[in-house]
**Student:** 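Structure provided below as structure tokens; questions to follow.
These numbers come from the heavy atoms of this one structure, side chains and all, not from hydrogens, waters or symmetry mates.
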Amino acid sequence: MSSEKKTAAETPEPAQPVRRNFIREIIEDDLKTNRFEGRVHTRFPPEPNGYLHIGHAKSICLNFGMAKDYKGLCNLRFDDTNPSKEEQEYVDSIEQDVRWLGFDWENRLFYASDYFDQLHDYAVQLITKGKAYVCDLNADQVREHRGTLTQPGKDSPYRNRPVEENLDLFRRMREGEFPDGTRTLRAKIDMASPNLNLRDPVMYRILRATHHRTGDKWCIYPMYDWAHGQSDSLEQITHSICTLEFEDHRPLYDWFVEQLGIYHPRQIEFARLNLTYTVMSKRKLLQLVEEKHVTGWDDPRMPTISGLRRRGYTPESLRMFADRIGVSKSESTVDVATLEDCLRDDLNKRAARVMAVLNPVKLVIENYPDDVVEELEAVNNPEDPSKGSRKVPFSKVLYIEQDDFRENPPKKYFRLSPGNEVRLRYAYIIKCVGVVKDEKTGEIVELRCTYDPDTKSGSPQSARKVKGTIHWVSANHALDAEVRLYDRLFRVENPEGDNWKGLMNPEAFKLLPHCKLEPTLAIAKKQDRFQFERLGYFCVDDDSAPGRLVFNRTVTLRDTWAKIEKS
RNA sequence: UGGGGUGUAGCCAAGUGGUAAGGCAGCGGCCUUUGGAGCCGCCAUUCCCAGGUUCGAAUCCUGGCACCCCAGCCA
């Protein structure tokens, strides 16, 4: 975004007509009433305790997207207040993922830990005002005093310590005089509040853990509620967008900034994303990784951004998805078909078409000369003529897909069967005249066909129509490749309950070690994406190397035949 | 049975007192040298339920019901 363009007074109307949502309404209202001097400044605040998933992508698109649409800014801030769970590996992956998604925080990369000193000073201020106290209760005792959902809590016996004593104790907490968990600093609010977050919430706990950025400087660490709002305030955030479960925390968020008398951002909550056939909680994703149910955070079956990237999803398709599903406050589970459609929509326009045979069966054209190789013209992308065409070698011996031949074809089967004709894409119409089987297993090992030389694609006499067109590769020219077929991680829409791991889809990964590809693919580079005609979209996997090609299936094409056959 | 939220089609989601957008899925059809793509059509007499206000209610009022979140020194 260029920095020169902001005429402060003009209404920062979104450039394109965009989908309305309640957050835009709030922002536009705040702009109208000049609540934040016409500024819009958001932030994406991940905790670096795991890899980002597609639910985070929704939040990233929302936060960066709102900032962009209203000519504002969006910060990246790591919420790193719990060193026992956070690691540098995670911050690195998060930065990479946000960037890959297409967003830029420019020079505004922050950490809650940047504010540890300031937060400490703020805490001293609250103590001095009599609004916070050091509590000697241990965790169990604090719980006992908290009361229940229906019963008020009891005041801590340490609640009314003199300010001087609190100041002294807090200093000694910070200096490491007390063991972990023996004391906390608590806000003095209301132990009888119906909102449990207001029953004297803990602000600091004693925790001896090495922080990935501050090392061993601190042995007390701020809690989320104490750190988050103040960080927002320090960064002059206008709209602090978070998920629904923090709605109950908003009174506390507001209470802290008001007691401190500092700049007051506005917290807005929206519903987190759920997707069918997968799990989204960080806890469960971590478990899948640690227990080796998947190969890692970037396993192509994972709903993580790195998994989707490796699977072959594009940033564009993920942004399109975020846009399509919208933002609201009602709990929702989006059909994964919506995601898949976004990918197809994007790649249909961009991905080069190519022919690949995943489950090959040999096909011999009996009346085709033994030693001839024709170079046939094939269109690279019918949706985009500017992508031109390429030459594909054709010869007497080919491979076709096992699925494209049926000895006993069902009704409406348009592909090859004994005595039937089919077009070989970009080549000739052929007829099946024989089937060679393995004597022992009965398995079909070879199809014998004849071709009609008058039907060459593009030739004037090629107008003859047949019902089906199938893809093929020339056996002598084919490249060998490994193809990894991926599908939904779980067998059921909503994998819940204690047995959720038992609901995993054993078919989510299938290895095809010997697929046959047209020779064009020899130059495919990592992350290149293609449409394998009639099959789906595929990308070159990170494991791929020259001479050892590895492709991942990102998503299949829509398959009308599969539907017909099912019914 | 405390507090905070949410209920519009199979799944998302607009709608802000004037007569139910859009997308996904599904279903028909056209077209097609990808059973792809594209195109056309269908898909809520009704908005959780019941009353009420109004000429007029998904929108306002009253009373119910259902579901989600909160009792970490996690975020």
**Student:** Taking CZ from A:Phe22 and C1' from B:rG15, how many angstroms apart are they, rounded to a whole number?
**Tutor:** 16 Å
**Student:** Is the phosphate of B:rC11 approached by A:Thr276 (side-chain N or O, under 4.0 Å from OP1 or OP2)?
**Tutor:** no
**Student:** Going by side chain to side chain donor-acceptor pair (under 3.5 Å), A:Arg415 matches just one of A:Asp403, A:Asp404, A:Asn420. Which one?
**Tutor:** A:Asp404
**Student:** Measure CG/A:Asn195 against C1'/B:rG5 and give the value in whole Å, please.
**Tutor:** 12 Å
**Student:** For the side chain of A:Asn21, counting heavy atoms from C-beta on, which of B:rA14, B:rG5, B:rC24 is nearest?
**Tutor:** B:rA14
**Student:** Specify the separation, in whole Å, of atom CG of A:Asp79 and atom P of B:rA75.
**Tutor:** 8 Å
**Student:** Assign B:rG5 to syn or anti; the rule is syn for a glycosidic angle within 90° of 0 and anti otherwise.
**Tutor:** anti
**Student:** Measure across A:Cys342 and A:Ser317 and return the closest heavy-atom pair with its distance rounded to 0.1 Å.
**Tutor:** CB-O, 3.6 Å
**Student:** Examine B:rG3: is either OP1 or OP2 under 4.0 Å from a nitrogen or oxygen in the side chain of A:Thr150? Give yes or no.
**Tutor:** no
**Student:** From the options B:rC24, B:rG35, B:rA14, select the nucleotide whose nearest atom is closest to the side chain of A:Ser328.
**Tutor:** B:rA14
**Student:** Answer yes or no: does a side-chain N or O of A:Arg143 lie under 4.0 Å from OP1 or OP2 of B:rG72?
**Tutor:** yes
**Student:** With heavy atoms under 4.0 Å as the rule, sort A:Glu383 into base, sugar-phosphate or nothing.
**Tutor:** base
**Student:** When you measure from the side-chain N and O atoms of A:Arg344 to the phosphate of B:rG36, is any distance below 4.0 Å, counting only OP1 and OP2?
**Tutor:** no
**Student:** Could one point to a donor on the side chain of A:Glu245 or the base of B:rG4 with an acceptor on the other under 3.5 Å away?
**Tutor:** no
**Student:** Could you tell me how far B:rU45 sits from B:rC11 if I compare only their C1' atoms? Round to whole Å.
**Tutor:** 23 Å
**Student:** Of the options B:rG2, B:rC12, B:rG26, whose atoms approach the side-chain atoms of A:Val334 most closely?
**Tutor:** B:rC12
**Student:** If the C1' atom of B:rG52 is compared with that of B:rA21, how far apart are they to the nearest Å?
**Tutor:** 30 Å
**Student:** Using a heavy-atom cut-off of under 4.0 Å over every strand shown, decide if A:His249 touches base, sugar-phosphate, or nothing.
**Tutor:** base
**Student:** Counting side-chain heavy atoms from CB outward, which of B:rG3, B:rA75, B:rG35 is closest to A:Glu47?
**Tutor:** B:rA75
**Student:** Checking all strands, does A:Asn49 fall into the base, sugar-phosphate, or nothing category for heavy-atom contacts under 4.0 angstrom?
**Tutor:** nothing
**Student:** Which is true for A:Ile429 with a 4.0 Å heavy-atom rule: it touches a base, it touches only sugar-phosphate, or it touches nothing?
**Tutor:** nothing
**Student:** Name the nucleic acid region contacted by A:Asn82, choosing base, sugar-phosphate or nothing; use a 4.0 angstrom heavy-atom cut-off, strictly under.
**Tutor:** sugar-phosphate
**Student:** Under 3.5 Å, is there any donor-acceptor pair linking the side chain of A:Asp559 to the base of B:rG35?
**Tutor:** no
**Student:** As a test of reading the structure: which of B:rC11, B:rC73, B:rU33 is closest to the side chain of A:Thr469, going by heavy atoms?
**Tutor:** B:rU33
**Student:** Are A:Ser330 and B:rA13 close enough that a side-chain N or O sits under 4.0 Å from OP1 or OP2?
**Tutor:** yes
**Student:** Between A:Pro201 and A:Asp225, is any pair of side-chain heavy atoms under 4.5 Å apart?
**Tutor:** no
**Student:** Can you confirm if the aromatic rings of A:Phe538 and A:Phe532 lie within a centre distance of less than 6.0 Å?
**Tutor:** yes
**Student:** Which whole-number value in Å describes the distance from A:Arg324 CZ to B:rG23 P?
**Tutor:** 9 Å
**Student:** Nearest to the side chain of A:Asp341 - B:rA14, B:rC70, B:rA25?
**Tutor:** B:rA25
**Student:** Taking the P atom in each of B:rA57 and B:rG5, what is the distance between them to the nearest angstrom?
**Tutor:** 29 Å
**Student:** Touch check for A:Gly153, heavy atoms < 4.0 angstrom, all strands: base, sugar-phosphate only, or nothing?
**Tutor:** nothing
**Student:** Is the shortest side-chain N/O distance from A:Arg183 to OP1 or OP2 of B:rC73 below 4.0 Å?
**Tutor:** no
**Student:** Within this structure, what is the CG-to-P distance between A:Asn494 and B:rG10, rounded to whole angstrom?
**Tutor:** 18 Å
**Student:** Would you mind telling me which of B:rG4, B:rC11, B:rA75 lies closest to the side-chain atoms of A:Asp335?
**Tutor:** B:rC11
**Student:** Assign A:Lys467 to base, sugar-phosphate, or nothing according to its heavy-atom contacts below 4.0 angstrom with the strands shown.
**Tutor:** nothing
**Student:** Going by purine N1 to pyrimidine N3 plus the second Watson-Crick contact, or the G-U wobble pair, all under 3.5 Å, which nucleotide sits opposite B:rC74?
**Tutor:** none
**Student:** Among B:rA75, B:rA13, B:rG35, which nucleotide has an atom closest to any side-chain atom of A:Arg19?
**Tutor:** B:rA13
**Student:** Which of the following nucleotides, B:rC74, B:rC12, B:rG35, is nearest to the side chain of A:Thr560?
**Tutor:** B:rG35
**Student:** According to a strict under-4.0 Å criterion, is A:Lys465 in side-chain N/O contact with OP1 or OP2 of B:rU33?
**Tutor:** yes
**Student:** With a non-hydrogen cut-off below 4.0 angstrom, is A:Ile325 in contact with a base, only sugar-phosphate, or nothing?
**Tutor:** sugar-phosphate
**Student:** What nucleic acid atoms does A:Leu273 come within less than 4.0 Å of, heavy atoms only: base, sugar-phosphate, or nothing?
**Tutor:** nothing
**Student:** Rounding to an integer number of Å, can you tell me how far A:Glu533 CD sits from B:rU32 P?
**Tutor:** 17 Å
**Student:** To the nearest Å, how far apart are A:Arg208 CZ and B:rC73 P?
**Tutor:** 18 Å
**Student:** Assign A:Arg20 to base, sugar-phosphate, or nothing according to its heavy-atom contacts below 4.0 angstrom with the strands shown.
**Tutor:** sugar-phosphate
**Student:** Please classify the nucleic acid contact of A:Thr184 as base, sugar-phosphate, or nothing, using heavy-atom distances under 4.0 Å.
**Tutor:** base
**Student:** Taking only Lys NZ, Arg NE, NH1 and NH2, and the carboxylate oxygens of Asp or Glu, determine whether A:Glu375 and A:Arg390 approach each other closer than 4.0 Å.
**Tutor:** no
**Student:** Between B:rC39 and B:rG23, how many Å separate the two P atoms, rounded to a whole number?
**Tutor:** 11 Å
**Student:** Of the options A:Trp226, A:Tyr115, A:Tyr221, A:Phe170, which is the one that meets A:His120 in a ring pair (Phe, Tyr, Trp, His ring centres under 6.0 Å)?
**Tutor:** A:Phe170
**Student:** Answer with base, sugar-phosphate or nothing: what part of the nucleic acid does A:Arg199 contact at a heavy-atom distance below 4.0 Å?
**Tutor:** nothing
**Student:** B:rA50 and B:rC65: how far apart are their P atoms, nearest whole angstrom?
**Tutor:** 15 Å
**Student:** With A:Arg213 as the cation and A:Tyr111 as the aromatic partner, state whether NZ or CZ is under 6.0 Å from the six-membered ring centre and within 45° of the axis.
**Tutor:** yes
**Student:** According to the Watson-Crick and G-U wobble definitions, with both distances under 3.5 Å, which nucleotide is paired to B:rC30?
**Tutor:** B:rG38
**Student:** Measuring from the side chain of A:Arg146 (C-beta onward, heavy atoms only), which nucleotide among B:rG72, B:rU34, B:rC70 has the closest atom?
**Tutor:** B:rG72
**Student:** Looking at A:Tyr413 and A:Phe405, would you say the former's side chain and the latter's main chain have a donor-acceptor pair under 3.5 Å?
**Tutor:** yes
**Student:** Does NZ or CZ of A:Arg161 fall inside the cone over A:Tyr133's six-membered ring, less than 6.0 Å from its centre and within 45° of the axis?
**Tutor:** no
**Student:** Strictly below 4.0 Å, N to O, side chains only: are A:Arg24 and A:Asp69 in salt-bridge contact?
**Tutor:** yes
**Student:** Would you mind reading off the distance between A:Met320 atom CE and B:rG22 atom C1', rounded to a whole angstrom?
**Tutor:** 15 Å
**Student:** Determine if A:Tyr224 stacks with B:rA75; use a centre-to-centre distance below 5.5 Å and an interplanar angle below 30° as the criteria.
**Tutor:** no
**Student:** Mind checking if A:Glu340 touches a base, just sugar-phosphate, or nothing, with heavy atoms under 4.0 Å?
**Tutor:** nothing
**Student:** Does A:Tyr204 reach a base, just sugar-phosphate, or nothing at all? Heavy atoms under 4.0 Å.
**Tutor:** nothing
**Student:** Could you please name the partner base of B:rA14, counting Watson-Crick and G-U wobble pairs only when both distances are under 3.5 Å?
**Tutor:** none
**Student:** Please state whether the base of B:rU34 and the side chain of A:Arg534 form at least one donor-acceptor pair under 3.5 Å?
**Tutor:** no
